[in-house]
Number of protein chains: 2
Amino acid sequence: MVPDKTLPLDQILLGDCIETMNRLPARSVDLVFADPPYNLQLGGDLLRPNNSRVDGVDDEWDRFEDFSAYDEFTRGWLKAARRILKDDGALWVIGSYHNIFRVGAILQDLGFWIMNDVIWRKTNPMPNFRGRRFTNAHETLIWCTKGKDQKSYSFNYDALKSLNDDQQMRSDWLLPLCTGPERLKDAEGRKIHPTQKPEALLYRVLMATTQPGGVVLDPFFGSGTTGAVARALGRHYIGLERDPAYAAAAEARIAKVAPMREPDIVAIRSKRSEPRVPFGAIVERGMLRPGEVLFDERKRWSAKIRADGTLIAPSRDGGIQGSIHSVGAAVQGAPACNGWTFWHCTRDGMALPIDIFRQQVRAELAAG
Amino acid sequence: MVPDKTLPLDQILLGDCIETMNRLPARSVDLVFADPPYNLQLGGDLLRPNNSRVDGVDDEWDRFEDFSAYDEFTRGWLKAARRILKDDGALWVIGSYHNIFRVGAILQDLGFWIMNDVIWRKTNPMPNFRGRRFTNAHETLIWCTKGKDQKSYSFNYDALKSLNDDQQMRSDWLLPLCTGPERLKDAEGRKIHPTQKPEALLYRVLMATTQPGGVVLDPFFGSGTTGAVARALGRHYIGLERDPAYAAAAEARIAKVAPMREPDIVAIRSKRSEPRVPFGAIVERGMLRPGEVLFDERKRWSAKIRADGTLIAPSRDGGIQGSIHSVGAAVQGAPACNGWTFWHCTRDGMALPIDIFRQQVRAELAAG
DNA sequence: TCGGTAAGTGAATCTCGGG
DNA sequence: CCCCGAGATTCACTTACCG
């Protein structure tokens, strides 16, 4: 996929996102991923039971006069995004119940055609401290194309199926919040952006609905998660951001990202394997990385991990590809193999079966 | 909870739901649960408010016409529902991405205040046969009250927490589709209603946001799941249905439901609904004596009981006086404190929270 | 260095009745 | 209407600190 070379590829453009989009050529980008302000409308302070204060999102950029002001803002950026999208392009928006219904209705009014709504289920959401509602444990994403009759949009069905251990990817995704080392912090240890999204979320979005070399535009770039994952996956990004401090942090972050090698990224077909915890989830979460090499316990065979959660083992005729189970069987010349116990990785100089990661994920699933 | 006896309780009313609602008294029902027609794109099912049929056309102009007709229909039934709701009542709607964004936006425009959106995750969704989208594995429910300033809505927090293994109920609910013996079928074994909702879903909705004896109205009654669960749980239902065949099937279904016994229904009383016991009553009864000294659990602070049921804690400028709560907060320098659980006394050499005396008094009150 | 405990934190529309 | 004050309320995970 070859992008329009006149586009400001792999750059962050400072300024108002609508004005900036209006200066870009029409029908030029493959995907828009947008994480707009949610219009949370928070009241006063909220205290935890231990009397500590919740650091709510009270930034100026999330304050709107009323619903109609928010609608006008939404229609504005969606129209601009629609103009720059290729006809076979797609758009994702993420939001919460505060804003997502308005965004979804306006999308439809503008002619976008919803393909799926996708639920990001959080493994570790903030509880409801006063016990007056359900724990708000998810956010909603909308995936849409430019119109009902648009049939040629990108959807890497097989890659996502591979990522999900050879079962169709569902519309509900279980992923942790962005915390720990992935969370950008300043010199004093304070979070740089209040709503930084996890890379695993963008990983799945870009794997599903873009091709290598495609162009992804993010009109609310913030801490630059879209750019970081795009670079890692060999996609081009265009980041629009109003706040120079966010833009600077995002630029520094993206510069540190090592792009994966192309053969690790290309999605392939794979055969059936056991369901339950998908091996793709292990890769997505960064417990194992694309390009990392796995061995059997006695190091007789090896295979490399690819971004879609499949393995590739060297062989005379170009390489054996497939799930952890099918590749394990093929290298041994065996009829079957449990890849979870067969394949090992190296951690701290020790060989560990990859099943330990499945156990970790299972613990999370049980908890969630 | 005693309902308005002039209401047509535990009945199914045939006819247009908007007209029927408009004949019911204002501010009379506790909950509206609505499973409206999902959309136009599937064709056929949708009637305009004037009962004319919407033609299934698919060019752009007509698609917008469809959305606006759907919006008009939605505004119509939501306005009627709003009128009959008590001020402290609530409304639930269930939908999919075809319609839920429009419904949610209109809800907000009419002044409803969203408490949560809740995701019904299906354990056994229909797969996406053509492999062009994610498996559509969830539906969305919206729970809202009549307005932003409405604080006294029903939410049985403790009951839901119990249902969830003593953890706060989250906004994502994993429940199977309605299949097997629960699914209503005709003599030839064909399902009677295309979108019969599982009883487990309504069980959770009614457990969460209604009280025993309360009135639940369902404007799109269909196969009568709302009525069946309401009857089982000791709630009253009012079912509105246009189609006499659905109404007949629902009536027969509900007649077979055995109501649970009252003691099995009444949830554990929440702490908020327990009778208030002033600390002075503990002193009056001699359970704690004036002059006795109380400590916090780790014995960092102390305070002495006075005859009027206030405490006094030593401090540089003469002593902090006030209620058990205000003195507890003051000694810690905290904004608030629950004195009942903060302060302890010594009995048989053991530190006991003073809340045990309040529990004793409450037990006496309940017995007497 | 290691293990155990304590503290911190995340897109949050977060109390309620009486005077 | 507002103001006051009683008193109810948290899950999963990371980091810091201490012995």
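Each chain gets a letter, A, B and so on, in the order the sequences are listed, and its residues count up from 1. Worth knowing before you read on, the calculation uses all heavy atoms, side chains too, and leaves out hydrogens, waters and symmetry mates. Remember, it's a predicted structure, so these values are computed and weren't measured experimentally.
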(message) So A:R132, base contact, sugar-phosphate only, or nothing? Heavy-atom distance under 4.0 Å.
(response) sugar-phosphate

(message) side-chain hydrogen bond (donor to acceptor under 3.5 Å, both in side chains) for A:D117 and B:H138? Distances and angles first, verdict last.
(response) CA-CA 9 Å; A:D117 57 339; B:H138 74 275; 3.0 Å; yes

(message) Under 4.0 Å, heavy atoms only, any strand: does B:W113 hit a base, just the sugar-phosphate, or nothing?
(response) base

(message) For B:W143 together with B:F155, are the ring centres under 6.0 Å from each other?
(response) yes

(request) Would you kindly say whether A:T135 and B:Q168 are connected by a side-chain donor-acceptor distance under 3.5 Å? (result) yes

(request) For A:S96, answer base if it contacts any base atom (sugar-phosphate contacts may also be present), sugar-phosphate if it contacts only those atoms, and nothing otherwise; contact means non-hydrogen atoms under 4.0 Å. (result) nothing

(message) Less than 4.0 angstrom between a side-chain N/O of B:K271 and OP1 or OP2 of D:dT9, yes or no?
(response) yes

(request) Just name whichever nucleotide pairs with D:dG7, Watson-Crick or G-U, keeping both distances under 3.5 Å, else none. (result) none

(request) Using whole Å, report how far NZ of B:K151 lies from P of D:dC3. (result) 15 Å

(request) Find the distance A:R133:CZ to D:dT9:C1' and express it as a whole number of Å. (result) 15 Å

(message) For the CZ atom on A:R183, are there more than 12 heavy atoms of other groups (residues, nucleotides or ligands in this structure) within a distance under 6.0 Å?
(response) yes

(request) Using a strict 4.0 Å threshold on nitrogen-to-oxygen distance, state whether B:K161 and B:D158 make a salt bridge. (result) no

(request) Mind calculating the distance between CG (A:N50) and P (D:dA8) to the nearest angstrom? (result) 17 Å

(request) Report the distance from atom CD of B:E274 to atom C1' of D:dT9, rounded to the nearest whole Å. (result) 16 Å

(message) Just the rounded figure in Å: distance from C1' of D:dT10 to CZ of B:R170.
(response) 14 Å

(message) Taking pairing as Watson-Crick or G-U wobble with both contacts under 3.5 Å, can you name the mate of D:dC18, or confirm there isn't one?
(response) C:dG3

(message) Categorize A:D59 for me: base, sugar-phosphate, or nothing, with a 4.0 angstrom heavy-atom threshold over every strand shown.
(response) nothing

(request) Report the C-alpha separation of A:Y70 and A:E65 in whole Å, then their side-chain angles, then the decisive distance to 0.1 Å, and conclude whether the side-chain hydrogen bond (donor to acceptor under 3.5 Å, both in side chains) test is met. (result) CA-CA 8 Å; A:Y70 187 80; A:E65 196 63 28; over 6 Å; no

(message) Any base atoms under 4.0 Å from A:K191, or only sugar-phosphate, or nothing? Heavy atoms, all strands.
(response) sugar-phosphate

(request) Using the closest heavy atom to pick a nucleotide of DNA chain C for each, name whichever of A:Y38 or B:S152 lands nearer the 5' end. (result) A:Y38

(request) Would you classify B:N338 as touching base, sugar-phosphate or nothing, given that sugar-phosphate means primed atoms plus P, OP1 and OP2, and contacts are heavy atoms under 4.0 Å? (result) base

(message) Tell me whether the side-chain N/O atoms of B:H325 come closer than 4.0 Å to OP1 or OP2 in D:dG5.
(response) no

Any protein N or O atoms within reach of nucleotides 15-19 of chain D? Criterion: under 3.5 Å, listing atom names and distances.
none

(request) Just call it for A:P36: base, sugar-phosphate, or nothing, with non-hydrogen atoms closer than 4.0 Å on any strand. (result) base

(message) Once you apply a heavy-atom cut-off of 4.0 Å, does A:G44 come out as touching a base, just sugar-phosphate, or nothing?
(response) base

(message) Under a 3.5 Å distance rule, please check whether A:W61 uses its side chain to pair with a backbone N or O of A:D58 as donor and acceptor.
(response) no

(request) Quick one: label A:C178 by what it contacts on the DNA or RNA (base, sugar-phosphate, nothing), any heavy atom closer than 4.0 Å. (result) nothing

(request) For nucleotides D:dC13 and C:dT13, find the distance between their C1' atoms and express it as a whole number of Å. (result) 25 Å

(request) Would you mind classifying the nucleic acid contact of B:R358 as base, sugar-phosphate or nothing, using non-hydrogen atoms under 4.0 angstrom? (result) sugar-phosphate

(message) Under 4.0 Å, heavy atoms only, any strand: does A:W61 hit a base, just the sugar-phosphate, or nothing?
(response) base

(request) Return the value, rounded to whole Å, for the distance between atom CG of A:L47 and atom P of D:dG5. (result) 18 Å

(message) By the rule that syn is within 90° of 0, classify the base conformation of C:dT13 as syn or anti.
(response) syn

(message) I'd like the P distance from D:dT9 over to C:dA11, given in whole Å.
(response) 25 Å

(request) Take atom C1' in D:dT10 and the same atom in C:dG8, then report the distance between them in whole Å. (result) 13 Å

(message) Applying a 4.0 Å non-hydrogen cut-off, can you work out what B:P278 is touching in the nucleic acid: base, sugar-phosphate, or nothing?
(response) nothing

(message) With a sphere of 6.0 Å drawn around CD of B:E274, does it hold more than 12 non-hydrogen atoms of other residues, nucleotides or ligands?
(response) yes

(request) Could you check whether A:N39 gets within reach of a base, just the sugar-phosphate, or nothing at all, counting any heavy atom under 4.0 Å? (result) nothing

(message) With a sphere of 6.0 Å drawn around CD of B:E297, does it hold more than 12 non-hydrogen atoms of other residues, nucleotides or ligands?
(response) no

(message) Return the pairing partner of C:dT13 with a 3.5 Å limit on both distances, Watson-Crick or G-U wobble; otherwise return none.
(response) none

(request) Scan B:I324 against the nucleic acid and name what it touches under 4.0 Å (heavy atoms): base, sugar-phosphate only, or nothing. (result) nothing

(request) May I have the distance from B:L160 (atom CG) to D:dT10 (atom P), rounded to whole angstrom? (result) 13 Å

(request) Measure the distance from CG on A:N51 to C1' on D:dG7 and round it to the nearest whole Å. (result) 12 Å

(message) Nearest heavy atom decides the nucleotide; on that basis, is B:S326 or A:G131 closer to the 5' end of DNA chain D?
(response) B:S326

(request) Provide the start and end nucleotides, 5' to 3', of the part of DNA chain C that has atoms under 4.0 Å from heavy atoms of chain A. (result) C:dT9 to C:dC16

(message) Can you tell me if A:K191 has over 12 outside heavy atoms packed within less than 6.0 Å of its NZ?
(response) yes

(message) Surrounding CZ of B:R362 (heavy atoms of other residues, nucleotides or ligands, distance under 6.0 Å), is the total greater than 12?
(response) yes

(request) Assess whether atom CZ of B:R300 is packed by more than 12 heavy atoms of other residues, nucleotides or ligands within 6.0 Å. (result) yes

(request) Take B:R272 and A:V57, find for each the nucleotide of DNA chain C with the closest heavy atom, and name the residue whose nucleotide sits nearer the 5' end. (result) A:V57

